[in-house]
Amino acid sequence: MLQIHNSLTNRKELFQPIVSGEIRLYVCGMTVYDYCHIGHARVMVVFDLVVRYLRHLGFKVIYVRNITDIDDKIIHRAAQNGETIGALTQRFTSAMQEDALALGVLPPDQEPRATDSIPLIQSMIEKLITSGYAYQAPNGDVYYDVSRFTHYGRLSGKQIADLRAGARVEVMEAKDDPLDFVLWKTAKPEEPAWDSPWGAGRPGWHIECSAMSTAALGNHFDIHGGGADLQFPHHENEIAQSEAATGEPFVNVWMHNGFVRVDDEKMSKSLGNFFTVREVLKHYSAEVLRFFIVASQYRSPLQYSNQNLDAARAALTRLYTALHGIPRAAPQASDFTTRFQAAMDDDFNTPEALAVCFDLAREINRARNEDAHHAAVLAGELRYLGGLLGLLQGDPDQFLHSTGTLSVGSALRDEDIETAIADRKAARKAKDFAASDRIRDELKRQGVVLEDRPGGTTTWRRE
RNA sequence: GGCUGAGUGGCAGAGUGGUCAUGCAGCAGCCUGCAAAGCUGUGGACGUCGGUUCGAUUCCGGCCUCAGCCUCCA
């Protein structure tokens with residue numbers, strides 16, 4: 001029985017879909033004005049694996065992840081670069097999709113863009129004004145009246161009074177209350193704008209997610225996810241807007257993933273301590289990066305460091321070594337699958353699920369010389385379970401022959417290695433172990449490790 | 001100041017009221033020409049002070065430390 005930690009109640013809860021057998025899921029995606037960093041990668045990987053697992057359980061999942069392609073930062077960055085907003089957002093949307101693909105993140109079922117959703121957004125704002133939840137200020141901006149929404153603060157565990165007391169919100173004359181947030185921003189000259197009943201302008205950030213999610217998934221849907229930094233105010237505001245506009249409950253389960261940290265601090269643009277996905281992929285393979293993310297539970301902080309990526313690579317090498325040299329056989333669900341599912345059912349406990357994979361790998365290693373068929377079936381199971389995490393789908397030989405950490409400099413070509421191995425084989429046959437060891441040492445020096453197998457064959461891997 | 005969350009062996013990282021996490025690293029044995037890989041065995045931990053309990057790393061309370069949110073942020 002699947003349990004998910006719900007940020008709304010701050011507890012693990014038994015998951016019950018609204019419509020039996022079907023799950024509607026919305027995740028806040030990227031604002032496309034720069035390359036994705038590892039924090040963005042984590043959101044994509046985490047919810048990808050949530051979707052994969054839910055589908056494995058037999059649910060029909062409708063997964064929507066939006067693209068924010070209009071906001072202040074985009075406008076500023078485009079101006080800075082001297083390019084159009086459309087060119088900028090198109091460029092970084094493509095970059096984001098490339099990064100996702102590299103990380104083995106399956107595309108969402110729908111990927112709506114804010115700028116394609118203006119009519120939806122306007123109609124929601126219209127409803128909020130009509131029902132008295134929003135007002136147009138003298139400066140033309142339209143604001144949401146937070147005091148009208150009685151449940152405001154429920155998701156983030158905040159009291160309106162406390163928020164006011166500790167308000168660090170910029171004082172804006174136009175607002176009735178500093179906590180009110182903007183739904184429609186009047187355009188300044190030079191800024192992109194859409195016509196509206198409230199004058200030319202553009203949507204505020206929060207409203208787009210309310211409009212796009214309810215349009216795609218209905219007024220009331222199952223799961224809404226995103227990074228923990230979106231819990232307040234973004235998600236809080238989404239609830240306020242959506243529930244006020246539709247008169248229905250918005251979302252049953254809120255999921256928030258933890259931050260990626262660098263030196264015990266949150267990785268973020270403002271701190272400048274971020275690593276982009278494409279930067280990291282120059283040094284580590286995408287599967288290693290993905291393993292690194294999966295090796296922590298999604299709500300825990302994730303400590304980014306080369307040391308931890310190296311550890312991820314070593315661990316992944318062990319799994320691929322177990323699969324190496326074993327023919328593919330159809331998987332059978334055994335006790336390992338039961339344990340794996342129990343782990344995943346417990347709020348997607350991927351570290352525990354990986355532990356099961358390692359136990360399975362040991363079992364394969366035990367069986368491989370005793371009972372080849374059994375080993376093959378277990379290997380099939382390991383591959384299947386790994387697939388639920390988006391791992392272990394590659395060819396073991398290929399993984400072991402690649403460095404995993406993509407080393408720079410003069411790497412030996414595969415053919416050179418094969419030639420050296422043939423030379424060494426001849427030397428061994430002639431019992432010239434000094435020559436044999438010389439070849440092995442030289443390869444080792446260049447980062448290639450040899451492994452002599454029973455039967456006289458030699459396999460190799462890069463370290 | 002308000003509100004969250006966290007402190008586990010050399011490192012990473014799960015979990016549990018009393019018997020094994022898991023991976024890397026260490027040690028010993030088997031295997032090997034020697035290695036590597038693998039297998040077997042093994043040492044090593046639960047921030048701190050109290051409380052509850054036959055028994056707490058696990059429950060409760062205080063304290064210390066760290067991170068996050070309260071402003072754009074995945």
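The sequence lines fix the lettering, A, B, ..., with proteins before strands; numbering per chain opens at 1. Everything numeric in this text was worked out from a predicted model, so none of it was measured.
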Identify whether any heavy atom of [X] sits under 4.0 Å from a base atom; if not, whether one sits that close to sugar-phosphate; answer base, sugar-phosphate or nothing.
X         : answer
Met44(A)  : nothing
Gln307(A) : sugar-phosphate
Phe259(A) : base
Phe433(A) : base
His234(A) : nothing
Asp452(A) : base
Gly226(A) : sugar-phosphate
Arg339(A) : nothing
Ala315(A) : sugar-phosphate
Gly258(A) : base
Lys269(A) : nothing
Ala295(A) : sugar-phosphate
Val27(A)  : nothing

What is the separation between atom [atom1] on [X] and atom [atom2] on [N], rounded to the nearest whole Å?
X         : N       : atom1 : atom2 : answer
Leu8(A)   : rU4(B)  : CG    : C1'   : 15 Å
His256(A) : rC73(B) : NE2   : C1'   : 13 Å
Glu236(A) : rC73(B) : CD    : P     : 14 Å
Gln297(A) : rU8(B)  : CD    : P     : 17 Å
Leu323(A) : rA37(B) : CG    : P     : 17 Å
Arg440(A) : rG33(B) : CZ    : P     : 11 Å
Lys266(A) : rC69(B) : NZ    : C1'   : 8 Å
Arg428(A) : rA35(B) : CZ    : P     : 13 Å

State which of [options] makes the closest approach to the side chain of [X].
X         : options                   : answer
Asn257(A) : rA74(B), rC11(B), rU22(B) : rA74(B)
Asp264(A) : rC72(B), rC24(B), rA67(B) : rA67(B)
Pro351(A) : rU4(B), rA74(B), rA14(B)  : rA14(B)
Leu230(A) : rA74(B), rG68(B), rG23(B) : rA74(B)
Thr31(A)  : rG33(B), rC72(B), rA74(B) : rA74(B)
Ser296(A) : rG13(B), rG15(B), rG33(B) : rG13(B)

Original post:
Out of Asp345(A), Asp347(A), Asp346(A), which one pairs with Lys12(A) under the salt bridge (charged side-chain N to carboxylate O under 4.0 Å, His left out) rule?
Top reply: Asp346(A)
If the [atom1] atom of [N] is compared with that of [M], how far apart are they to the nearest Å?
N       : M       : atom1 : value
rU48(B) : rU57(B) : P     : 10 Å
rA35(B) : rC20(B) : P     : 33 Å
rA36(B) : rC31(B) : P     : 15 Å

Subject >> Check: Ser268(A) main-chain N/O paired with Asn273(A) side-chain donor or acceptor under 3.5 Å >> reply: yes
Original post:
Has the side chain of Glu13(A) got a donor or acceptor atom that lies under 3.5 Å from a matching backbone atom of Ile4(A)?
Top reply: no
Can you tell me if [X] touches the phosphate of [N], counting only side-chain N or O atoms and a distance under 4.0 Å to OP1 or OP2?
X         : N       : value
Ser300(A) : rA14(B) : yes
Arg453(A) : rA36(B) : no
Asn365(A) : rC39(B) : yes
Arg318(A) : rG38(B) : yes
Arg366(A) : rU40(B) : yes
Asn349(A) : rA21(B) : no
Arg362(A) : rC20(B) : no

Please work out which of the three classes, parallel, tilted or perpendicular, describes the rings of [Y] and [X], given edges at 30° and 60°.
X         : Y         : answer
Phe348(A) : Tyr53(A)  : perpendicular
Phe358(A) : Phe291(A) : perpendicular
Phe292(A) : Tyr304(A) : perpendicular
His256(A) : Trp254(A) : parallel

Could you tell me the Watson-Crick or G-U partner of [N], where both distances fall under 3.5 Å? Say none if there is no partner.
N       : result
rA25(B) : none
rA6(B)  : rU65(B)
rG50(B) : rC60(B)
rG38(B) : rC30(B)

**OP:** Measure distances between side-chain N and O atoms of Asp437(A) and base N and O atoms of rG33(B), and say whether any donor-acceptor pair falls under 3.5 Å.
**Re:** yes
Original post:
Hey, are the side chains of Ile207(A) and Tyr144(A) touching, using non-hydrogen atoms and a 4.5 Å cut-off?
Top reply: no
Subject >> Geometric cation-pi criterion Lys269(A) and Tyr33(A), 6.0 Å radius, 45° cone >> reply: yes
